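Pasting a structure below so you can have a look.
Every chain is numbered from 1 and lettered A, B, ... according to where its sequence line falls, protein lines coming before strand lines. Model, not experiment: these values are computed from the prediction.
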There are 2 protein chains.
Amino acid sequence: MKKYLHVLKKCPLFSDIEEEDLLRMLVCLGAKTEYFDKKYTVFQEGSPAKYIGIVLSGSVQIIQVDFDGNRSILGEVTASEVFAEAFACAEVSALPVSVIVNEPGEIMLINCSHILHTCSNNCGFHQQLIFNLMKDLALKTIFFHQRIEITSKRTTREKLMAYLHLQAKKANSLSFEIPFDRQELADFLEVERSGLSSEIGKLKKEGVIQAEKKRFTLLCGD
Amino acid sequence: MKKYLHVLKKCPLFSDIEEEDLLRMLVCLGAKTEYFDKKYTVFQEGSPAKYIGIVLSGSVQIIQVDFDGNRSILGEVTASEVFAEAFACAEVSALPVSVIVNEPGEIMLINCSHILHTCSNNCGFHQQLIFNLMKDLALKTIFFHQRIEITSKRTTREKLMAYLHLQAKKANSLSFEIPFDRQELADFLEVERSGLSSEIGKLKKEGVIQAEKKRFTLLCGD
DNA sequence: AAATATCTGTTGAAATTTCAACAAAAGGAG
DNA sequence: CTCCTTTTGTTGAAATTTCAACAGATATTT
């Protein structure tokens, strides 16, 4: 556990909680850590939500698959980030998403009811923990708004450009890497892979962007 | 304020808070109530988020308008429901959405920092309030997942049917009213109004649904 | 009650996406 | 290094959406 202390300290769930308190708290919360291989299903759509997940290393993807087999990627979660917190908090009986390992690594799982229902020792950090969880949920909602702003565009080109501009803003640079390959990007933008590929090709020809594998560069300053 | 007590008691923000405590708390929080006319902009996209809104009567819509003028409707908020809580909690400096009055009515506004930062009297309900706010945020996230499940469909027909099935499930009946007119429904589903209209026409002809103004009935039991 | 504004359904042409299929390129395993 | 798998770009045809425009129906206002 100590190995990942620097990761946990960056986790929004543990903001403003001291190192020694954090370690004790994790014991109190019954946190457990597991290693998962690539493509492993950490949480299966339809199963009850009890655990909050924290990525310690590697990464996971949040995905939704409808009955026609169409995959939507809701997001990519990397080290020190939290996932499934909303479902665990709301205590839903059937997860609307699956969580799949993208890059193998270790994941910490915490039974959410241990967070929500103050422990018997009534430790003071507990209030801070709940406060942090709330902030995190608020930020997740904002993330969804950004995603909707992108996917609500009507054409592949507009969706792609909206996404790239947002990534550039996040990276604070016109050049940046995205966490998706082409198929995954298509599933995130809710478009067809082949159409996306050809659109990327056109934008490159037009001199609007550079694109080499996962690295994109916006050439126009707008 | 007393006039809307029954509405406030149903508000998820005030679950498990006694009537007398609630009234005192509202004073403590500096809650203020205002009447708004139809089409009035309660919150303007781009302005800082400070207040949580609670609809006491009438309804509001949460909308996003991109620079091309395309409108997306994120949701409809009716009596005893909360809005803008995520942005207020996250203390964002620029709202990504506007809130527009649909049916005129009264709205209660509460400065979110009064909720987040425990008051000097440190009243016990405050912890309950924060807990409730967290639950509410979790449910909002789930709502967004449902919306994504609908809008991620590729055709107008699929989006419409996914939406109608969800509404039927919520209403617990195959017949129900939706809160949108045709243009608004199109802006919620992220499709073209004319295409939506013709799709509704086809579904009626095929005997899959009945549709009369805002009342829809699913004729197939699936 | 008439006049005005808003909402709805329809149309056909243009633009775009989807779909299926294939080949080149890149990556990984032995 | 070679074989095998995965990823990516390309294509053209079919399906769907978008767009603009209009007319009938429904509300709202005066």
Inter- and intrachain pairs under salt bridge (Lys or Arg N to Asp or Glu O under 4.0 Å), touching residues 137-156 of chain A, at least two apart: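 Found Glu85(A)-Lys140(A), Arg147(A)-Glu190(A), Lys153(A)-Asp66(B), Arg154(A)-Glu192(B).
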Quick check on DNA chain C: between Lys214(B) and Thr156(A), whose nearest nucleotide comes earlier from the 5' end?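 Nearer the 5' end of the strand: Lys214(B).
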Please work out which of the three classes, parallel, tilted or perpendicular, describes the rings of Phe36(B) and Tyr40(B), given edges at 30° and 60°.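 Tilted, since the angle between the ring planes falls between 30° and 60°.
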Glu91(B) and Lys135(A): CA distance, side-chain angles, deciding distance, side chain to side chain contact (heavy atoms under 4.5 Å, CB included) verdict: CA-CA 9 Å; Glu91(B) 291 167 312; Lys135(A) 281 269 178 182; 2.8 Å; yes
Donor on one side chain, acceptor on other, Ser59(A) and Glu76(A), under 3.5 Å: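 Judged by distance alone, the side chains do pair up.
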Quick one: on DNA chain D, does Lys213(A) or Arg154(A) contact a more 5' nucleotide (nearest heavy atom)?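 Looking at DNA chain D, the more 5' nearest nucleotide goes with Lys213(A).
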Assert yes or no for the condition that the ring centre distance of Tyr163(A) to Phe188(A) is strictly below 6.0 Å.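 Aromatic pair counts; centres sit under 6.0 Å.
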Nearest whole angstrom, please: distance from the P of dT8(D) to the CD of Glu212(A).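 In whole Å, dT8(D) P and Glu212(A) CD are 11 Å from each other.
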Please report how far the helix from dA1(C)-dT30(D) to dG30(C)-dC1(D) bends, comparing the axis fitted to its first five pairs with the axis fitted to its last five, to the nearest 10 degrees.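 Rounded to the nearest 10 degrees, the bend comes out at 60°.
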Residues of residues 185-202 of chain B with any non-hydrogen atom less than 4.0 angstrom from an atom of DNA chain D: list those, numerically ordered, please.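 Output list: Val191(B), Glu192(B), Arg193(B), Ser194(B).
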Can you pull the contact range of chain A along DNA chain C, 5' to 3', using atoms under 4.0 angstrom from its heavy atoms?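 Taking any atom under 4.0 Å from a heavy atom of chain A, the span is dT16(C) to dG27(C).
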Looking at Leu109(A) and Phe43(A), what are the two nearest heavy atoms and their distance?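 What the structure gives for the nearest pair is CD2-CZ, 3.8 Å.
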Listing request: all salt bridge (Lys or Arg N to Asp or Glu O under 4.0 Å) pairs with a residue in residues 203-213 of chain B, at least two apart in sequence or in separate chains.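 Found Arg157(B)-Glu206(B).
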Taking all heavy atoms of Lys38(B) and all of Val101(B), pick out the closest pair and write down the distance.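 Distance-wise, the nearest heavy atoms are CA-CG1, 3.8 Å.
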Going by the rule ring-ring contact (aromatic ring centres under 6.0 Å, His included), which residues pair with Phe143(B) if we only count those two or more places apart in sequence or in a different chain?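 So Phe143(B) forms no ring-ring contact (aromatic ring centres under 6.0 Å, His included) with any residue.
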Mind telling me whether Phe144(B) and His145(A) have parallel, tilted or perpendicular rings, with 30° and 60° as the class edges?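 Because their plane-to-plane angle is over 60°, the rings of His145(A) and Phe144(B) count as perpendicular.
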